[in-house]
A.B. asks: 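Dropping a structure here in structure tokens format, bear with me for questions.
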Amino acid sequence: PVMDRVNFILSKASGKSVLNLGSTSGGLHSLLKEVAKSVMGVDRLQPCDFEADLDQSPAVILDLLSNNFDLIVIGELLEHLANPGNLLAAVRSFHCPVLITAPNAHCESGFKQAASGVENVNVDHVAYYSYTTLKTLLQRYEFTIKELAWYNGKPRVAEGLIMLVN
């Protein structure tokens, strides 16, 4: 199905202790604070509860946190990391559901822009994920997809992917 990304995240976070990784700037973190039992934000940008660059030694950073979370949100972060596997391996040790969102490499708007001769790429992105490549990455770190949705568009060619994994 196609879902509203923020509403999907908020519905999963409602009443839970949430670790929000890499998306504390912007409105999502504030909205999580409104619906979750508790929220800990880790990001390299302010405002956050714990300032850290999750691309550098995420296991060391996450070891400094308590392991009492009901849900981990990794929103629009993996495509920024030089080695997303390091973060996924560290997150795996928390033994709780993980909600991941990422831009879709096969989005319809991206293909239209590329066909016009313009590749619209976020300068901070080092990778793009399709359903298959994100699923493969997650399986390599022993995650199982529990729920899959798309946001902003039609299935398979929407702007992004939402995966709830265990």
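Side-chain atoms are counted along with the backbone in the values below, which use heavy atoms only and exclude waters and symmetry mates.
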A.B. asks: According to the interplanar angle, ranging from 0 to 90°, do the rings of His80 and His125 count as parallel (below 30°), tilted (30 to 60°) or perpendicular (above 60°)?
C.D. replies: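 Rings of His80 and His125: perpendicular, as their planes differ by over 60°.
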
A.B. asks: Count the heavy atoms belonging to other residues, nucleotides or ligands that lie under 6.0 Å from CZ of Arg156, then report whether that count exceeds 12.
C.D. replies: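 At most 12 heavy atoms, drawn from other residues, nucleotides or ligands, come within 6.0 Å of this atom.
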
A.B. asks: Is it true that atom CD of Gln139 has more than 12 heavy atoms of other residues, nucleotides or ligands lying nearer than 6.0 Å?
C.D. replies: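 Count over threshold, so yes.
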
A.B. asks: Under a 4.5 Å cut-off applied to non-hydrogen side-chain atoms, are Asn166 and Ile145 in contact?
C.D. replies: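 Asn166 vs Ile145: side chains apart.
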
A.B. asks: Mark yes or no: Lys12 above the aromatic ring of Phe8, with NZ or CZ under 6.0 Å from the six-membered ring centre and no more than 45 degrees from the axis.
C.D. replies: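 Yes; both conditions hold, so Lys12 lies above the ring face of Phe8.
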
A.B. asks: Under 3.5 Å, is there a donor-acceptor pair between the side chain of Thr136 and the main chain of Thr132?
C.D. replies: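 Yes; at least one donor-acceptor contact below 3.5 Å.
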
A.B. asks: When rounded to the nearest 0.5 angstrom, what distance separates CG in Leu10 from CG in Leu28?
C.D. replies: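 Here the interatomic distance stands at 6.5 Å.
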
A.B. asks: To the nearest 0.5 Å, how far apart are CG in Asp70 and OG in Ser38?
C.D. replies: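 The CG atom of Asp70 sits 7.5 Å away from the OG atom of Ser38.
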
A.B. asks: Please check: side-chain N/O of Asn86 versus main-chain N/O of Pro58, any donor-acceptor pairing under 3.5 Å?
C.D. replies: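 Such a contact is absent between Asn86 side chain and Pro58 backbone.
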
A.B. asks: Tell me the closest heavy-atom pair linking Ala105 and Tyr128, and the distance in Å.
C.D. replies: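 Residues Ala105 and Tyr128, closest heavy atoms: CB-CB, 3.7 Å.
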
A.B. asks: Measuring from atom CG of Asp43 to atom CG of Asn20, what distance do you get when rounded to the nearest 0.5 angstrom?
C.D. replies: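 If we round to the nearest 0.5 Å, Asp43:CG and Asn20:CG are 8.0 Å apart.
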
A.B. asks: Leu21 and side chain to side chain contact (heavy atoms under 4.5 Å, CB included): which partner among Ile61, Leu78, Ile100, Val91?
C.D. replies: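 Option passing the side chain to side chain contact (heavy atoms under 4.5 Å, CB included) with Leu21: Val91.
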
A.B. asks: Check this for me, if you would: do Arg5 and Glu159 make a salt bridge, where the nitrogen-to-carboxylate-oxygen distance has to be below 4.0 angstrom?
C.D. replies: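 No, this pair does not count.
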
A.B. asks: Between Arg92 (side chain) and Tyr141 (backbone), is there a donor-acceptor pair under 3.5 Å?
C.D. replies: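 Side chain of Arg92 to backbone of Tyr141, a donor-acceptor pair under 3.5 Å: yes, one is there.
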
A.B. asks: How far does OH of Tyr131 sit from CG of Leu148, to the nearest 0.5 angstrom?
C.D. replies: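 Output value for this atom pair is 6.0 Å.
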
